[in-house]
Every structure is written in structure tokens, then in C-alpha cells.
Amino acid sequence: MLEYLNDLQERFFTWCDNAVQDHIDSRGTRLKQWRPRKNPDGSYELVFKLAGRDETAASFSVPVPEEFHQLLEREYFINHPPDEEEES
């Protein structure tokens with residue numbers, strides 16, 4: 001079982017898990033990568049890639065609820081610039 005630093009962090013990662021699970025189907029799709037991204041307007045989204053059995057990856061994004069924005073500013077974006085793009 002994972003240990004979280006606080007209740008907000010636990011709620012955020014639970015929300016992330018649920019957001020990704022909503023996009024995974026029962027035919028063998030799996031998560032390849034995920035990360036939060038800050039948009040130019042100050043909002044956030046969870047960006048993730050899912051791969052099927054043929055390893056073809058599809059990208060998805062889901063808006064992050066506002067209740068987690070300060071958490072991302074404080075903990076995630078200290079070491080991850082908002083404009084950081086994943087490598088291909």
C-alpha cells in the first residue's frame with residue numbers, strides 16, 4: 001500500500017487513477033505514461049498515453065479539478081517545468 005504525505009495528495013492520486021481507469025477498456029489497453037500539464041490559462045490537465053496490444057499509443061487528457069491546482073504548483077512543478085514535453 002502506498003503512503004501519502006497528506007489527505008490532499010492521496011485524493012489527487014486516487015483521482016488520477018480513476019481518470020485513467022475511465023479510459024482503459026477491457027480489451028487489454030494499458031497505461032504507458034502520465035503527467036500533469038499546466039495550460040497557458042493557468043488550468044491543469046492530466047495527460048496520459050494508453051497502449052493497446054499492438055503497442056500503438058493514444059494520448060488523452062482530462063482537466064484536473066481546481067482543488068488540486070495548489071498541490072501541483074507546490075509539489076510537482078518545483079522540479080517539472082510547466083512546458084516540459086514528454087520525449088517521443
Tell me, with the steps shown, if Asn39 and Glu45 meet side chain to side chain contact (heavy atoms under 4.5 Å, CB included).
CA-CA 7 Å; Asn39 296 313; Glu45 59 188 357; 3.2 Å; yes
Rounded to the nearest 0.5 Å, how far does CD of Gln33 lie from CG of Leu50?
11.0 Å
Partner residues of Arg11 under the side-chain hydrogen bond (donor to acceptor under 3.5 Å, both in side chains) criterion, sequence neighbours left out
Asp7, Glu67
Measuring from atom CG of Asp17 to atom CZ of Phe12, what distance do you get when rounded to the nearest 0.5 angstrom?
10.0 Å
State, to 0.1 Å, how close Trp15 and Pro63 come at their nearest heavy-atom pair, and which atoms those are.
CZ2-O, 3.2 Å
Mind checking what makes side-chain hydrogen bond (donor to acceptor under 3.5 Å, both in side chains) contact with Asp41, not counting sequence neighbours?
Ser43
Got a second to check how far Lys49's NZ is from Thr56's OG1, nearest 0.5 Å?
12.0 Å
Only one of His69, Arg37, Glu66 passes side chain to side chain contact (heavy atoms under 4.5 Å, CB included) with Tyr44, and that residue is His69
Ring geometry between Phe48 and His23 (parallel below 30°, tilted from 30 to 60°, perpendicular above 60°):
perpendicular
With heavy-atom distances below 4.5 Å as the criterion, would you say the side chains of Val20 and Val62 are in contact?
no
About how many Å separate CD1 of Ile24 and CZ of Phe60, when rounded to the nearest 0.5 Å?
10.0 Å
CG of Leu46 to CG of Leu72, rounded to nearest 0.5 Å, is 9.0 Å
